[in-house]
Amino acid sequence: MMLELQNITKMYHHKDGLVNALYQVDLLIEKGSFVTITGPSGSGKTTLLLTIGGLLQPNIGKILFNGLKLDLGSESHMAEFRKQHIGYVMQSFALIPYLTATENVMVGYTNNSSNGTDKRAIATAVLDVVDLADRKNHYPRELSAGQQQRVAIARALVKKPTFILADEPTGNLDPALSVEILNLLKDINQEKGITVIMVTHSPAAANMGTVKIHLKDGKIVNS
Ligand SMILES: Nc1ncnc2c1ncn2[C@@H]1O[C@H](COP(=O)(O)OP(=O)(O)O)[C@@H](O)[C@H]1O
Ligand SMILES: [Mg+2]
């Protein structure tokens, strides 16, 4: 057992009216699985990922982590959960332009007990894992799109998270680079045992999942 969502409903209050983004979603995510999430635009994929990552509070429902209930209403409890367990990878990379690859990875290292030199060494080692050791002093603008996404993955990886959550991580990449990034996520899942949860538009990418989820109008349906 690992992460269990029970009866999750999320509504957004918008000036144009209430939006039901997730409706009564139940989901069990086992340790070590590779979960892929597909569904039409607006079906609730990002909302589901943000809810799993403790970045968004559902209106109704419970989340259990290793059998213990997360205190979804407590910002400090959820911040601690995110810090310890969640690495996030976005479609747009979201690197900081004035930091080098190493320094961008250091941003993800939330263990305060290490000093600056240790952090730098740890970040450099993780850049090696994503095959970017030779680009560690490059700035984002000096890297290709695929390399930028590798830095973003290294930033998510450096804290040794329980989960890596990836929201359309290949959405801005051409097909060849997409395959590279998908293989990297697969390796991270298989070799490090990190549970990966990935939203994707690509049926081929979705097929990599050991668990495949399809969303429609905020509900999980059989694809
Ligand atoms: N912050 C928000 N405020 C209001 N409505 C939102 C907000 N974020 C998302 N939505 C709506 O919730 C639904 C689900 O959105 P989202 O989870 O982003 O879908 P997906 O990632 O599958 O495209 C959509 O109808 C979207 O318009
Ligand atoms: Mg989305």
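These numbers come from a predicted model, not from an experiment. Numbering of ligands and ligand atoms starts at 1, following listing order. Quick note: residue numbers are just sequence positions, from 1.
- Under the 4.0 angstrom criterion, atom 26 (C) of ligand 1 counts as lacking any protein heavy-atom contact.
- Counting only distance, with no hydrogens or angles, the side chain of Lys45 and the backbone of Pro40 share a donor-acceptor pair below 3.5 Å.
- Leu157 pairs in a side-chain contact (heavy atoms from CB on, under 4.5 Å) with only one of the listed residues (Val129, Leu184, Val89), which is Val129.
- The aromatic rings of Phe163 and Phe81 lie tilted to each other, with the angle between the two planes from 30° to 60°.
- Counting heavy atoms from C-beta on, the side chains of Asn207 and Lys212 come closer than 4.5 Å.
- Scanning the protein heavy atoms around atom 17 (O) of ligand 1, the nearest turns out to be Thr47 OG1, 2.5 Å.
- Looking at Ser43, Gly218, Gly42, it is Gly42 that brings a heavy atom closest to atom 23 (O) of ligand 1.
- Residues Pro58 and Leu22 form no side-chain contact, since every pair of their non-hydrogen atoms from C-beta on lies 4.5 Å or further apart.
- In this structure, Ser41 is part of the shell of residues with a heavy atom less than 4.0 angstrom from ligand 1.
- Gln6 and Glu4 make their closest contact through NE2-OE2, 3.5 Å (heavy atoms, listed as atom of the first residue, atom of the second, distance).
- With a heavy-atom cut-off of 4.0 Å, Val19 touches ligand 1 through its side chain alone.
- Ranking the protein heavy atoms by distance from atom 6 (C) of ligand 1 puts Tyr12 CD1, 3.2 Å first.
- Using a 4.0 Å cut-off to heavy atoms of Pro40, the atoms of ligand 1 that qualify are 22 (O).
- Annotation: Ala21 places no N or O atom under 3.5 Å from an N or O atom of ligand 1; distance criterion only.
- What you find for Thr162 and His85 is that their closest heavy atoms are OG1-ND1, 2.6 Å.
- Listed by chain and number, the protein atoms of type N/O/S under 2.8 Å from the Mg ion (ligand 2) are Thr46 OG1; waters are omitted.
- Within the 4.5 Å cutoff, the side chain of Ile197 has heavy atoms near those of the Ile37 side chain.
- Applying the 6.0 Å contact sphere to OH of Tyr23 captures no more than 12 heavy atoms from other residues, nucleotides or ligands.
- Closest approach of Asn104 and Pro140 over heavy atoms only: ND2-CG, 3.9 Å.
- At least one N/O-N/O distance between Thr46 and ligand 1 falls below 3.5 Å.
- Protein heavy atom closest to atom 19 (O) of ligand 1, with residue, atom name and distance, is Gly44 N, 3.3 Å.
- Contact between Leu173 and Gly146 at its shortest, heavy atoms only, is CD2-N, 3.8 Å.
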